[in-house]
Amino acid sequence: MGAVVKRSTIAGVVLGASMGLALGVGAYTFIYAKGASYFTDDPKACTNCHVMQEQYDGWIKSSHRSVATCNDCHTPAGFIGKYTTKAQNGFWHSFYFTVGNYPDPIQITKRNRRVTEDACRKCHADIVETIEGHDPEGNRTSCTRCHRNVGHLH
Amino acid sequence: NIMEHKQEAKNPFFRVVDLTDDTEDPAVWGKNFPVQYDGYMRTVDQVRTRYGGSEALPRTPDDADPRSIVAQSRLEEDPRLKRMWAGYAFSIDFREERGHAFMLEDQTFTARHQKPQPGACLNCHASTYLAHKRAGDGDIVKGFEKINPLPYAEARQLVNHPITCIDCHDATSMQLRITRPAFMEGIRALKASQGISNYDVNRDATRQEMRSYVCAQCHVEYYFKGEEKRLVFPWSKGSKVENILAYYDEIQHKDWEHADTGAPVLKAQHPEFEMWSQGIHARSGVACADCHMPYQRVGAHKVSDHHVRSPLLNINKACQTCHNWPEEELRERVYTIQSRTFELRNLAMDALMDLISDIQAARAAGASSNSIAAAQDFQRKAQFYLDFVEAENSTGFHAPQEAARILAQSIDFARKGQNALRPRTETASRN
Amino acid sequence: NIMEHKQEAKNPFFRVVDLTDDTEDPAVWGKNFPVQYDGYMRTVDQVRTRYGGSEALPRTPDDADPRSIVAQSRLEEDPRLKRMWAGYAFSIDFREERGHAFMLEDQTFTARHQKPQPGACLNCHASTYLAHKRAGDGDIVKGFEKINPLPYAEARQLVNHPITCIDCHDATSMQLRITRPAFMEGIRALKASQGISNYDVNRDATRQEMRSYVCAQCHVEYYFKGEEKRLVFPWSKGSKVENILAYYDEIQHKDWEHADTGAPVLKAQHPEFEMWSQGIHARSGVACADCHMPYQRVGAHKVSDHHVRSPLLNINKACQTCHNWPEEELRERVYTIQSRTFELRNLAMDALMDLISDIQAARAAGASSNSIAAAQDFQRKAQFYLDFVEAENSTGFHAPQEAARILAQSIDFARKGQNALRPRTETASRN
Ligand SMILES: [Ca+2]
Ligand SMILES: [Ca+2]
């Protein structure tokens with residue numbers, strides 16, 4: 001019993017410390033790297049992190065350049081969803097950017113791919129209604145399997 | 001116009017008629033889904049590609065065969081095929097396959113019926129869902145078992161259409177579903193060989209898998225098992241060519257005895273699903289329907305193009321959604337793959353002809369039965385491997401390197417068979 | 001850290017030293033380009049992949065060969081190679097190739113020097129740009145012609161480094177450039193065969209082409225022409241295996257006479273460029289450097305990873321920029337391709353061994369010189385085709401179906417060679 005308590009206490013301390021560290025770097029990153037612009041819909045906000053330059057360049061070349069910005073595809077619909085996703089992404093963004101230890105090329109996470117695939121349906125519900133209509137939940141068509149270049153043309 | 005689109009958008013389809021699990025006639029389904037029906041009806045088109053599609057050849061109808069148009073004869077194009085299948089029904093009549101609209105009449109009138117065929121043939125050439133359901137009193141597996149052993153002509157009376165909507169779709173939800181007992185059993189055996197037990201395809205398959213599985217009910221290698229003529233897909237050891245041959249070897253199955261050589265040989269038939277499974281597209285999750293029934297825009301909607309055909313006749317929708325290359329370039333990529341396959345297919349065919357000649361000669365010269373048996377076994381292997389690619393209808397495209405590998409093996413088998421009959425010139429062999 | 005990033009973004013590099021067209025030492029270049037230099041120096045790493053990379057094996061240095069570490073011997077791994085090359089220097093010593101850092105010492109100390117080798121060898125194993133320039137008084141082609149015919153040991157004195165920066169880069173613009181006369185001439189001949197006359201690679205190649213051409217200066221099939229030992233890439237009829245064989249047949253070139261059979265045979269060597277040219281990646285404009293020197297992010301910049309190596313040791317950067325699949329899946333895709341190639345390579349190797357045994361036996365038994373000559377010609381073909389894939393270092397990955405096609409042809413040649421020596425058992429042949 002005692003051993004278990006002790007171990008979880010240590011775990012708690014370690015976790016707390018690393019959270020603190022992460023928040024610290026997060027704050028530094030936020031100010032220096034013009035993080036405030038992160039809360040806007042301006043695509044340049046994302047490229048303030050030059051690591052995102054490639055996606056920006058790809059977006060500029062893509063068919064959606066004039067119809068959708070980053071947030072149209074990478075945040076869920078609705079204010080709360082949008083800003084929790086941003087907060088969550090923003091935290092990891094700052095953390096990885098500062099620590100410098102992230103996959104390169106960057107790869108979208110499962111969760112965010114889902115967000116993005118939802119975004120397609122926000123705008124294109126009409127056209128895909130026919131092919132989606134009879135689809136059981138959780139077993140849907142992946143738009144990017146065919147349209148992998150719409151958001152970013154690399 | 002926008003008004004119209006908005007209108008359509010709210011009504012993905014007009015439920016003009018009520019479809020039930022007993023509605024067979026596609027024209028009735030077509031009332032609710034006119035676009036899909038329209039595509040479906042266009043499978044009568046015949047256009048040739050370099051290695052695929054089909055050519056519409058006029059013929060004079062006669063009593064035995066009322067068809068006024070058929071596809072080109074493959075036996076006339078390449079007489080080596082006749083010799084490869086000497087003694088088997090395929091050496092009598094074998095044509096390039098054409099669209100789904102023709103499946104029932106092409107089967108009914110093929111001259112292959114000169115050898116008696118069973119009702120099991122119908123599984124892949126007719127809308128059998130309701131026939132099975134009726135014959136089995138609601139149990140399609142029972143119906144399947146009843147119809148399989150009937151003589152073809154008798155079973156033929158029980159069906160009315162080539163494949164129709166109800167063979168692929170659930171009438172109420174329109175979801176894809178598997179209706180063929182042979183595939184339910186085949187895929188269960190295949191999954192078991194991969195360590196997945198008790199696989200129920202209609203319960204466990206994902207939607208994307210279903211977009212290939214509905215095709216794999218027919219576009220696969222098969223045989224009729226035992227007196228019951230049960231249609232079986234020989235996948236319990238796996239679906240690669242060596243697994244299937246091992247299966248047949250184990251049960252000592254032969255399709256026929258070769259007329260020129262006496263070898264107990266096998267014919268492979270349209271293993272599109274098996275070959276595709278070994279290719280990079282399957283590995284990347286690209287389904288048969290993605291290429292052969294690509295989405296097309298119709299008004300404000302997307303629909304699957306039910307005009308099932310060669311993707312080379314529709315490169316724009318079939319390939320360019322994923323591949324950003326010009327149409328001409330994509331066609332060239334396919335032709336490059338196909339011409340390599342065709343080159344090796346011809347090499348393997350020549351090797352097999354040489355082996356057949358050698359066995360014939362050796363039997364005439366009274367060679368030892370041991371060496372003849374060895375050569376016959378090589379013929380069985382060479383023939384099955386070659387046929388696996390020859391019968392596969394993409395001329396290698398579905399899995400380019402795998403097709404070449406199989407043909408290389410076939411060449412080696414055929415030539416080794418010759419060796420078995422041709423001893424070295426010396427007596428003491430060295431090293 | 002961010003501070004640093006912003007800083008770096010403004011200074012793509014610090015010009016610490018002035019580089020000229022005579023700066024050979026890579027350490028000097030490294031002052032301006034520390035990251036590239038760092039990668040370059042890491043080509044000493046030895047890590048094995050399933051079929052590639054290399055293994056660092058300790059050895060006891062001796063007078064003839066001071067190396068304390070070498071790569072694994074391919075001859076020990078597969079003794080059939082010895083017999084395939086019987087009578088040729090390759091049957092004495094042949095190892096898995098390793099990183100660029102070793103190219104000069106591995107060449108200097110290979111036991112293949114038991115057969116005398118010319119200075120031409122150095123073209124691909126040393127930084128020869130300045131050696132050529134000096135020997136030719138500023139004209140590298142003249143220098144090339146002078147050094148080629150020298151005995152190896154003598155020529156060896158004229159070079160100091162394995163490949164260095166100046167062999168690939170222009171010292172002032174840092175642009176890629178071709179420095180090897182053999183490639184300038186080879187690619188001109190190849191383009192001419194495609195109807196493009198007077199091709200000047202340093203003038204006409206695009207930047208993306210250069211990202212492969214710099215490698216194609218060495219990773220290609222070659223031979224030494226005539227007494228001048230001119231290094232020649234045999235591409236005037238094209239660069240596919242049949243074009244190259246036709247070239248050698250026309251000039252009746254042989255690399256050596258096979259010790260066991262007396263056949264006038266050819267050895268293919270590292271035709272990576274030729275094989276890649278037949279693959280889907282080349283067709284899609286993917287260059288050697290895209291996979292073997294992918295961009296990597298260093299601070300705010302992208303630099304080409306000068307640690308040239310197997311992409312399987314760097315899948316994330318080498319493949320995932322284009323292919324959105326997990327690392328494990330990408331590795332499996334490569335292994336699937338390679339294991340098919342390896343399977344056929346072994347089949348072709350066995351067929352060739354069988355043919356060699358048969359020719360040996362037939363010669364011992366005093367078979368007709370006609371049939372022996374026919375079999376020897378088949379050996380020449382089978383050997384060259386097999387070697388073309390065997391010597392190609394990607395185990396088929398660079399062009400999977402093409403590699404399989406070549407091996408299938410090889411098998412057919414070898415087995416037909418056996419037939420040429422083994423008459424049928426009967427007298428009157430029937431069809
Ligand atoms: Ca066809
Ligand atoms: Ca290596």
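The analysis underlying the following values was restricted to heavy atoms, covering all of them including side chains, and did not include hydrogens, waters or symmetry mates. To find a chain, count down the sequence lines: A is the first, B the second, and so on, and within it residues start at 1.
In this structure, no portion of B/Ser371 lies under 4.5 Å from any heavy atom of chain C. Looking at C/Ile356, there are no atoms closer than 4.5 Å to chain B (heavy atoms on both sides), in backbone or side chain. In this structure, no portion of B/Ser410 lies under 4.5 Å from any heavy atom of chain C.
When all heavy atoms of C/Ala408 and B/Leu344 are compared, the pair lying nearest together is CB-CD2, 3.7 Å.
In this structure, B/Gln278 and C/Arg340 have side chains that are in contact, with non-hydrogen atoms separated by less than 4.5 Å. In this structure, C/Asn419 and B/Asn419 have side chains that are in contact, with non-hydrogen atoms separated by less than 4.5 Å.
Within residues 394-407 of chain C, the residues that have a heavy atom under 4.5 Å from a heavy atom of chain B are C/Pro400, C/Gln401, C/Glu402, C/Ala404, C/Arg405, listed by number. Of all residues in residues 315-336 of chain C, those placing a non-hydrogen atom less than 4.5 angstrom from a non-hydrogen atom of chain B are C/Trp325, C/Glu329, C/Glu332, C/Arg333, C/Thr336.
Here salt bridge (charged side-chain N to carboxylate O under 4.0 Å, His left out) pairs that include residues 358-367 of chain C, with residues two or more places apart or in two chains, are B/Arg424-C/Asp358, C/Asp358-C/Arg422.
Annotation: maximal heavy-atom pairing with chain B below 4.5 Å, among C/Asp350, C/Asp354, C/Ile337, occurs at C/Ile337.
Side-chain N/O atoms of B/Glu343 and C/Gln409 include a donor and acceptor closer than 3.5 Å.
Evaluation of the salt bridge (Lys or Arg N to Asp or Glu O under 4.0 Å) rule for B/Lys237 yields B/Glu250 as partners, not counting sequence neighbours.
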